[in-house]
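These notes are about the structure you will find just below.
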2 protein chains.
Amino acid sequence: MQHSAKTMKDVALAAGVSVMTVSRAFKQDTSVSEATRARIRTIAEDLGYVFDSTAANLRTQKTNFVAVTIPSINNANFADTVGALSDRLAQAGMQVLLGHSGYDVAQEEVLVEQLLRRRPEAIVVTGGRHTERTRKMLLNAGIPVVETWDLPDDPIDHVVGFSNAATMAGMVDYLVGKGLSRLAFIGGDTDGDTRGADRRRGFVAAMQARNLDASRLIGAGKPPISMREGASAMGQLLNDFPDTQAVICVSDLSAFGALTECQRRGVRVPQDIAIAGFGAYEIAGISHPTITTINPHPRLIGTQTAELILQVLDAANTRLGPQRREIHWDLQGAESA
Amino acid sequence: MQHSAKTMKDVALAAGVSVMTVSRAFKQDTSVSEATRARIRTIAEDLGYVFDSTAANLRTQKTNFVAVTIPSINNANFADTVGALSDRLAQAGMQVLLGHSGYDVAQEEVLVEQLLRRRPEAIVVTGGRHTERTRKMLLNAGIPVVETWDLPDDPIDHVVGFSNAATMAGMVDYLVGKGLSRLAFIGGDTDGDTRGADRRRGFVAAMQARNLDASRLIGAGKPPISMREGASAMGQLLNDFPDTQAVICVSDLSAFGALTECQRRGVRVPQDIAIAGFGAYEIAGISHPTITTINPHPRLIGTQTAELILQVLDAANTRLGPQRREIHWDLQGAESA
DNA sequence: TATGTTTTGGTTACCGATAACACGAATGGT
DNA sequence: ACCATTCGTGTTATCGGTAACCAAAACATA
């Protein structure tokens, strides 16, 4: 069964034509008669020939790869973005080369280097904070770079994202507008999750701007924060700051965990304490009560990124400058706050 | 900024050595002095040179790619498997090339063809049901093939999985052991999700084997079934078969949706109706009540698959036969059933 | 010092496709 | 019937690395 892999040469031989003709038969290229093309295709299929992209990539200097890094593959938000990105790029015949950095910029650096070796035609990174060397590699790569899920002050190239800090300001305003002022924040206790850290900073800044106490910060463990960690953080919050009126969690997963902890303790949500999350995960819309959250439209980030890439690659000759697409997030008021 | 990409030739020129020496400096190859290797590495970094795998892959006929197809990227179970697989393979310098088929075997066929063009050194597919042409392509590929998340009767090559039907038999036994006999099943209403369909068939077979009525099957929509669809299916079940004692859902997500529907209707779980899920998603362990579920150990499937691949590739000369690793699932008895 | 061995680095050909160019045959307009 | 296009196909060189082979230098041993 372990055949040596067939090449175009084998097909050419079997079809009695030159290798070049076989090559042509596998493309849109009109310079082959329909008759020979069909014949070659059939022969190729019969022989079990599979086109070798590797060789074509080298010759044409085009890989049809778009590299993508995300913090974790096991996160519905990022998965949504990658899914949408991948589907849209597939329509244009491009393939996603995915890597995950484990919420670690040092790991991201290793990953970016590995991915660039594969000569992708564009690269998408999640977030706007990177090591110095990562920045340098991305700048030198000579391909479009898109930073997503963030709105960096000093972008490397293109940006498709939103301000994590602004979402927190929006949520603080929403809660304050409901007459709640003793607010807390539950998030990771390191800056490994740079977007989570941005949200925490955004919370603190928004509170201070309104002359409110911003010291109720609960560290829930190493990012990403799970439901379970959200629950234990809520336990800690209820013990340490029993008069807290509302808590913003770094994600809906921790928010749901927090909610279950309240249920276990008989604390009513939102009457005794309001809970808000982030991400508009499906659970936010179906839990009981439903969770107030921020929808950053992950799929939209994916499609917009894909379309930006296709547009930039298409206009490569026209020298299109860095593009910036801001995604408008929504605050989904629901039952929990 | 749009430099033309540097090649080894540029580095060789700058370092005053031959291209071959540069090539050697980038490998374990001992036939270069440590002094020149360090010098070349430094010069390369300064020039912003990035190694081109494409060329190396063509020459060596090795890509370090392992292709993987999953039904959906947005599924915590498959994400766990891919994450574990990817991490383990990365240790061996291999990279995962991921594609998703949208729970559609025709789409899987397209995907497999695309992936094989990239000349992966092994390919992992989820499930044991494929189109005839997919089977043929995989058989002809001349690389190790691993079918996962299933235990096919007629495997293509290697297998790392478990019997979906057996898990349902186990769950039926568990529920019957609790004195419940009027059981229902909630799942997708097409066979798009082949593993889900296997579980439904397993449920029916197990019921019939125990002389129980297996007609309480609720179709919840096109796979994958969401929490929301689980909720509406539960509504339908409560209306159509009000005396049902327990329901098995095709996944924990639909089980959780079903649970929330019960909460909305004031139906007590498990006193009025017991609910069981599948997958051991995090939510099963933290919802209130916690959900009785099957843990198929998704990460274990990933690491076992990775190790099988490394072992088989390593022993390529030794002609190792098809391997079959059965993953032992656990029934996690919890509060909901 | 002479000879054998190891280390280090260079030369050439090649992986499997395709761009660029070439050329004979078919087609068309007058 | 003649010359200009267009069409269909072949030939050659090439993409950027590396295997295989080779040669000079460095080192070791008698």
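To find a chain, count down the sequence lines: A is the first, B the second, and so on, and within it residues start at 1.
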d([atom1], [X]; [atom2], [N]) in whole Å:
X: R59(A); N: dC14(C); atom1: CZ; atom2: C1'; answer: 15 Å
X: L58(B); N: dC15(C); atom1: CG; atom2: P; answer: 9 Å
X: M8(A); N: dA19(C); atom1: CE; atom2: C1'; answer: 14 Å
X: N57(A); N: dC15(C); atom1: CG; atom2: C1'; answer: 14 Å
X: F51(A); N: dT18(C); atom1: CZ; atom2: C1'; answer: 9 Å
X: R117(A); N: dG17(D); atom1: CZ; atom2: C1'; answer: 13 Å
X: N64(B); N: dG17(D); atom1: CG; atom2: C1'; answer: 14 Å
X: R119(B); N: dA17(C); atom1: CZ; atom2: P; answer: 7 Å

Respond yes when some side-chain nitrogen or oxygen of [X] is under 4.0 Å from OP1 or OP2 of [N], and no when none is.
X: K6(A); N: dA17(C); result: no
X: Q61(A); N: dT18(C); result: no
X: Y49(A); N: dA17(C); result: yes

Touch check for K27(B), heavy atoms < 4.0 angstrom, all strands: base, sugar-phosphate only, or nothing?
-> sugar-phosphate
Is R119(B) close enough and on-axis enough to F65(B), meaning under 6.0 Å and within 45°, for cation-pi?
-> no
Please write out the pairs of protein N or O atoms and N or O atoms of nucleotides 6-11 of chain C separated by less than 3.5 Å, giving the distance to one decimal.
| unit_1 | atom_1 | unit_2 | atom_2 | d |
| --- | --- | --- | --- | --- |
| dG9(C) | OP1 | T36(B) | OG1 | 3.4 |
| dG9(C) | OP2 | S33(B) | N | 3.2 |
| dG9(C) | OP2 | T36(B) | OG1 | 3.2 |
| dG10(C) | OP1 | S18(B) | N | 3.1 |
| dG10(C) | OP2 | S18(B) | N | 3.0 |
| dG10(C) | OP2 | S18(B) | OG | 2.5 |
| dG10(C) | OP2 | T21(B) | OG1 | 2.2 |
| dG10(C) | N7 | R24(B) | NH1 | 3.1 |
| dG10(C) | O6 | R24(B) | NH2 | 2.4 |

Pair E147(B), H130(B): side-chain N/O donor-acceptor within cut-off below 3.5 Å = yes
Salt bridge present between [X] and [Y] (N-O < 4.0 angstrom):
X: E108(A); Y: R129(A); answer: no
X: E109(B); Y: R135(B); answer: no
X: D52(A); Y: R117(B); answer: no
X: D150(B); Y: R195(B); answer: no

Can you tell me which residue pairs pass the salt bridge (charged side-chain N to carboxylate O under 4.0 Å, His left out) test with a partner in residues 298-310 of chain A, sequence neighbours excluded?
-> R88(A)-E307(A)
